[in-house]
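Everything on this sheet refers to the single structure shown next.
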Amino acid sequence: MKKEDIENLLSIKEEGGEKISPGLPEDIKNYLVDIDGTVGDDIPNEEPERMLTAAVYPDALKTVNKWYDQGHVICFFTSRTEEHRGYTEIWLKKHGFKYHSLLMGKPRGGNYHWIDNHIVKATQYKGNFTELVVKEVTIEVFKD
């Protein structure tokens with residue numbers, strides 16, 4: 001899906017005469033994908049010279065590009081700083097990643113707990129990019 005198509009899907013919506021945040025159709029996922037240690041070697045911000053030579057994880061490349069080709073939205077969300085954007089874009093292009101956007105400055109340190117008014121799903125990368133499967137787990141939620 002092209003960036004323009006996504007923008008059309010996410011045009012301003014109205015409900016009851018008021019503008020509301022747009023949402024993607026249920027069959028289109030909005031993938032936020034980390035870079036370091038997820039789709040390629042884990043390179044710390046303190047060693048930016050290594051960012052251009054980091055190895056890519058082939059299964060990650062194949063899977064991310066498949067999701068893109070299926071019409072899903074791909075956004076790389078990284079703890080790299082804005083200062084590293086050029087290196088990051090060069091590396092993504094060099095390896096052939098297809099994506100729609102790149103967000104820099106994700107908080108470092110892990111242990112993320114995302115709170116949002118939209119549905120949020122999370123998958124921790126543990127060494128293998130495979131098809132996603134449904135699994136029942138216990139999660140923390142707000143009281144009803």
Side-chain angles (χ1 to χ4, degrees), residues 1-15 18-142:
M1 180 177 304
K2 295 179 183 171
K3 195 170 186 175
E4 305 85 51
D5 297 328
I6 295 166
E7 289 171 4
N8 287 335
L9 282 173
L10 295 176
S11 60
I12 298 296
K13 305 283 189 236
E14 288 194 21
E15 192 173 277
E18 291 187 7
K19 292 181 179 173
I20 61 169
S21 298
L24 289 172
E26 284 188 34
D27 61 331
I28 298 177
K29 293 182 180 172
N30 212 344
Y31 286 102
L32 292 173
V33 182
D34 184 31
I35 296 174
D36 294 298
T38 304
V39 298
D41 286 344
D42 192 355
I43 309 298
N45 288 345
E46 293 76 16
E47 298 181 349
E49 66 280 359
R50 293 177 49 212
M51 291 177 181
L52 291 174
T53 59
V56 67
Y57 298 166
D59 288 344
L61 174 63
K62 179 181 171 186
T63 301
V64 168
N65 284 350
K66 181 178 77 174
W67 291 337
Y68 180 99
D69 291 342
Q70 290 172 339
H72 300 293
V73 180
I74 307 298
C75 173
F76 285 104
F77 186 32
T78 178
S79 294
R80 293 181 181 189
T81 66
E82 199 58 49
E83 177 183 338
H84 305 130
R85 179 178 289 275
Y87 284 164
T88 304
E89 289 175 338
I90 290 168
W91 185 86
L92 290 167
K93 184 175 183 177
K94 171 182 162 184
H95 292 288
F97 279 99
K98 299 175 185 179
Y99 64 100
H100 299 93
S101 59
L102 172 61
L103 294 177
M104 313 301 279
K106 179 182 79 172
R108 293 174 87 181
N111 201 19
Y112 301 111
H113 192 123
W114 187 350
I115 298 172
D116 201 313
N117 68 321
H118 292 280
I119 293 172
V120 176
K121 298 176 183 175
T123 304
Q124 182 181 11
Y125 176 72
K126 293 185 176 182
N128 290 313
F129 250 88
T130 66
E131 292 294 323
L132 296 176
V133 296
V134 176
K135 182 178 180 180
E136 290 188 30
V137 297
T138 302
I139 62 169
E140 294 176 295
V141 298
F142 292 112

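Because the structure is predicted, anything quoted here is derived from the model rather than measured.
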Legend entry - Test side-chain contact (heavy atoms from CB on, under 4.5 Å) applied to Arg80 and Asp34, step by step: CA-CA 10 Å; Arg80 293 181 181 189; Asp34 184 31; over 6 Å; no
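- Atom CD of Glu49 is surrounded by more than 12 heavy atoms from other residues, nucleotides or ligands within 6.0 Å.
- Counted within 6.0 Å of NZ on Lys94, heavy atoms from surrounding residues, nucleotides or ligands total more than 12; the atom is thus considered enclosed.
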Inset, instruction - Kindly determine whether Val64 and Phe129 satisfy side-chain contact (heavy atoms from CB on, under 4.5 Å), including the steps that lead there. - result: CA-CA 9 Å; Val64 168; Phe129 250 88; 4.3 Å; yes
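- Rounding to the nearest 0.5 Å gives a distance of 5.5 Å between NE2 of His113 and CD of Glu140.
- His95 places no side-chain N or O within donor-acceptor distance of the main-chain N or O of Leu92, the cut-off being under 3.5 Å.
- Under a 4.0 Å N-O distance rule, the pair Glu89/Lys93 does not qualify as a salt bridge.
- A donor-acceptor pair under 3.5 Å is formed between the side chain of Asp36 and the backbone N or O of Ile43.
- Relative orientation of the Tyr125 and Tyr57 rings is parallel, given thresholds of 30° and 60° on the angle between their planes.
- Atom OG1 of Thr88 and atom CZ of Phe97 lie 12.0 Å apart (nearest 0.5 Å).
- Taking CG of Leu103 as the reference point, atom CZ of Phe76 lies at 11.5 Å (rounded to 0.5 Å).
- Between Trp91 and Leu52 the shortest heavy-atom distance is CD1-O, 3.8 Å.
- Judged by distance alone, the side chain of Asn128 and the main-chain N or O of Thr130 form no donor-acceptor pair under 3.5 Å.
- Within a 6.0 Å sphere centred on CD of Glu18, heavy atoms belonging to other residues, nucleotides or ligands number 12 at most.
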Legend entry - Pair Ile115-Phe142, side-chain contact (heavy atoms from CB on, under 4.5 Å): steps then yes or no: CA-CA 10 Å; Ile115 298 172; Phe142 292 112; 3.7 Å; yes
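- Atom CG of Leu132 sits about 9.5 Å away from atom NZ of Lys121, to the nearest 0.5 Å.
- In this structure, His100 contributes its side chain and Cys75 its backbone to no donor-acceptor pair below 3.5 Å.
- Counting all heavy atoms, side chain and backbone alike, Pro44 lies closest to Met51 at O-CE, 4.1 Å.
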Return all side-chain donor-acceptor pairs below 3.5 angstrom for residues 23-32, not counting sequence neighbours, or 'none' if the list is empty.
none

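- Heavy atoms from other residues, nucleotides or ligands lying under 6.0 Å from CD of Glu83 number 12 at most.
- More than 12 heavy atoms of other residues, nucleotides or ligands sit less than 6.0 Å from atom CD1 of Ile20.
- Residue Asn111 qualifies as open at atom CG: its count of foreign heavy atoms under 6.0 Å is 12 or below.
- With respect to the salt-bridge test (charged N to carboxylate O, under 4.0 angstrom), the residues Glu46 and Arg108 qualify.
- Contact check for Thr38 versus Gln124: no side-chain heavy atoms found under the 4.5 Å cut-off.
- Remark: Lys106 NZ to Ile35 CD1 distance equals 9.0 Å, nearest 0.5 Å.
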Inset, instruction - Check the pair Ser79 / Met104 against side-chain contact (heavy atoms from CB on, under 4.5 Å), numbers first and verdict last. - result: CA-CA 6 Å; Ser79 294; Met104 313 301 279; over 6 Å; no
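- One distance of note links CG of Asp41 with CZ of Arg50; it measures 7.0 Å at 0.5 Å rounding.
- Between the Thr63 side chain and the Ala60 main chain, no donor and acceptor come within less than 3.5 Å of each other.
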